[in-house]
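A quick write-up on the structure given underneath.
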Number of protein chains: 2
Amino acid sequence: MSVPTACKTVLASSIAKPFAEELKDGVKQLEKKPVLVGFLANADPAARMYADWTGKTCEELGFGYELREVPKERLEEAILDANDDSAVDGILVYFPVFGGTQDQYLQQVVAKEKDVEGLSHIYIQNMYQNVRFLDEAQTQKSILPCTPLAAVKVLEYLGVYNAILPYGNRLYGKTVTVVNRSEIVGRPLAALLANDGATVYSVDITGVQKYTRGEGLRHVKHVVSETDLDLEHAAKISDVIITGVPSPDYKFPVEFIKNGAVCVNFSSEKNFSPEVKQRASLYVPMIGKVTITMLLRNLLRLCVNAQERKHAAAAKT
Amino acid sequence: MSVPTACKTVLASSIAKPFAEELKDGVKQLEKKPVLVGFLANADPAARMYADWTGKTCEELGFGYELREVPKERLEEAILDANDDSAVDGILVYFPVFGGTQDQYLQQVVAKEKDVEGLSHIYIQNMYQNVRFLDEAQTQKSILPCTPLAAVKVLEYLGVYNAILPYGNRLYGKTVTVVNRSEIVGRPLAALLANDGATVYSVDITGVQKYTRGEGLRHVKHVVSETDLDLEHAAKISDVIITGVPSPDYKFPVEFIKNGAVCVNFSSEKNFSPEVKQRASLYVPMIGKVTITMLLRNLLRLCVNAQERKHAAAAKT
C-alpha cells in the first residue's frame with residue numbers, strides 16, 4: 001500500500017515552541033521564580049517519563065521543579081503539606097495512583113490555587129459553564145484543564161480555528177469527532193470546542209453524544225443532545241478527528257476518516273495506524289509536549305493570581 | 001436445611017425510629033421549615049422509589065419536600081438554579097444519571113451549603129482527615145456522607161460500638177470486613193470505622209486493603225496498609241461483615257461468615273442469601289430508611305450552619 005505524501009505530519013515540539021518562548025518571558029516578569037512540585041507515587045514508566053519531561057522543560061524555561069516520590073499511602077498527606085507550603089506554587093500528581101474514583105478524590109485534594117492541571121472541580125465547572133473568572137471583580141482568571149487546552153492550541157496551530165472569524169466563534173461550521181469522554185479530557189474538550197462554535201460528536205463505549213453551542217440560562221454555553229449517528233457516520237462527516245483512547249490495542253478505523261480530515265491523537269498510545277496518512281491532510285501523532293507548556297502556562301497564571309491577591313490584601317491594610 | 005432462630009433480624013425502620021423523633025423536635029427549633037429538593041433525571045424505578053420514600057419521610061417529620069423531574073441534559077442548570085435559590089435548603093440528586101465520572105462531576109455541582117448527602121469533596125476530605133469543623137472558629141460543623149453515617153448508626157444500635165469505651169475508641173478490638181470500596185460509601189465507611197478504633201478489611205474487585213487508626217501528621221486519622229489476606233481469610237476473622245455490592249447476582253459466601261458475626265447489607269440488592277441466618281447473630285437486610293433519616297439530620301445541620309452564618313453576619317454590621 002503506497003502512502004501519499006500529501007499528508008503533513010506535525011510534531012508537538014513545533015507547536016509548543018512559540019508557547020515556550022512566551023513562558024520564558026512571562027517567568028521573568030514574576031516577583032519570584034515559580035516552583036512546581038511533581039508527585040510520583042507509582043512505578044508506571046510512562047508516568048516517570050512524563051515526570052522527567054516536566055523537569056527538563058521547567059529547567060529550560062526558567063521554572064523551578066522538584067520531584068517528590070512518596071508511597072501511595074502517604075500521597076494525600078504529602079499533597080496537603082504542599083498545599084500549605086508557601087514555597088510551592090504549583091502541584092502536579094502523576095496518575096494513575098490507586099486508579100478509578102480514588103484518584104479522582106486525590107485530584108481534588110490539590111488546592112485550587114496550586115492546581116496546574118486545571119482539574120479542580122470549580123475549574124471544570126467554570127469551563128462547562130463558560131465562566132472565565134473566579135471572582136465577581138474579575139481579577140482572578142479561571143484555569144483550563146491542560147490537556148483539552150493543549151488540544152485547542154494544536155487546532156489553532158493547524159488552522160482549524162479560523163482567525164478571520166470573531167473570537168469565540170472561530171470553529172463555526174466545523175464538525176469534530178472526539179473519541180474519549182473522560183471527565184479530565186474528552187468531555188471538557190468537547191465542551192470547549194462546542195463553546196467555540198463547532199458541532200462535536202463525543203464518542204465513548206456507551207455511544208455518541210452531540211455537543212453544540214446553545215443559549216444557556218446563565219451563559220452562552222454548550223448543549224448536549226441525543227444523536228442517531230454512530231461512530232462511523234459521525235467520523236465520515238467530521239473535518240477533525242481527535243482520539244484519546246488509553247489502550248495500545250485501539251486503532252481508529254482508517255476507512256471512517258474523510259479525505260483531507262485533520263487527525264490528532266492525545267493518547268500516550270498510538271491510536272492511529274500509519275495508514276492515517278492516506279486520508280488525513282494533517283496528522284499530529286501526539287501532543288504531550290504541548291500539554292506540558294499549557295501546564296506551565298497555568299502555573300504562570302496561578303502565580304499572577306496569587307500576586308493579585310497579595311497586592312489586594314496589602315492595599316486593604 | 002433448617003435455619004436456627006438464634007439469629008435476630010433487625011429492620012431499618014426500628015433503627016431509624018429514635019432518629020426520626022429527634023428530627024421532629026429539631027425541625028421545630030429552626031427559624032423556618034427546611035425545604036429539601038430532590039432531582040430525578042432518570043427512569044430508574046429504584047431511584048423513583050427512593051424519591052417517594054424521601055418525600056413520605058419528609059412529610060412525616062415536618063420537612064418540606066419538592067421533587068423536580070428534569071431531562072438529564074438540563075440537570076446541571078437545574079442544580080445551579082437551586083444552589084442560588086434561597087428558598088431551597090437542601091439538594092438531593094437521585095443517581096445514576098449519566099453513570100460513571102460524569103455523575104461524580106454532577107455531584108460536585110451541588111453547593112456544599114445544600115449538600116444533604118455529604119458528598120462534596122470538602123466533606124469527604126474532612127472525614128478522611130478526621131476534621132470535624134469547616135471553619136477555624138469551629139462554628140460550622142462538617143457533614144458526613146449519609147450512607148456511611150447510616151451504617152455507623154446501625155452498628156451503634158446493634159451494640160457493635162461499645163458505649164463503655166471512650167468516644168472515638170468504641171470499636172477498639174473489633175474486626176470488620178466491608179465489601180465495596182466506592183468513594184461514596186465503601187471507602188468513607190472503612191475510614192470512619194478505622195477512625196473509631198476498628199481494624200477494617202476493605203474489599204473490592206482489585207483486592208483487599210487494611211484500614212487502621214494511625215497517628216497522622218495533622219490529625220489522628222486512619223492508615224491504609226497492604227495485607228496478604230484475601231476475602232475469605234479477612235471475613236473469617238471478622239466480627240462484622242458489611243456488604244454494598246450493587247448487583248442482583250452477588251451473594252456473600254455464607255461459608256466465609258464467622259459464627260455469631262453481625263451482618264449488614266447497605267446495597268439496594270440482597271447481598272446475603274437467607275442462609276446468612278445460620279451463621280450470623282444479628283442481620284440487617286437493608287438500611288435505606290436509616291440513610292434517609294441521616295440525610296435529614298444533615299439537612300438540619302446545614303440549616304443550623306446557615307443560621308449561624310446569618311447571625312454572625314448580622315452581628316458584624
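Hydrogens, waters and symmetry mates are skipped; everything else that's a heavy atom, side chains included, is used. Throughout, a chain's letter reflects where its sequence line sits, starting with A, and its residues are numbered from 1.
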A:Leu80 to B:Gln125 - nearest heavy-atom pair and separation:
CD2-NE2, 3.3 Å

Quick one: which of A:Gln209, A:Glu183, A:Arg181 has the most heavy-atom pairs under 4.5 Å with chain B, could you say?
A:Glu183

Could you pull out all residues at least two apart from B:Glu113 that satisfy salt bridge (charged side-chain N to carboxylate O under 4.0 Å, His left out)?
none

Distance-only side-chain donor-acceptor flag, A:Gln129 / B:Glu76, under 3.5 Å
yes

Sorted by chain and number, sequence neighbours left out, ring-ring contact (aromatic ring centres under 6.0 Å, His included) with B:Phe266 holds for none

How about CZ on B:Phe133, more than 12 heavy atoms from neighbouring residues, nucleotides or ligands closer than 6.0 Å, or not?
yes

B:Tyr123: what forms a ring-ring contact (aromatic ring centres under 6.0 Å, His included) with it, not counting sequence neighbours?
none

A:Ile122 side chain near B:Gln108 side chain, heavy-atom distance below 4.5 Å
no

Strictly less than 4.5 Å between heavy atoms, which residues of residues 97-105 of chain B line up against chain A? Please order them by number.
B:Phe98, B:Thr101, B:Gln102, B:Gln104, B:Tyr105

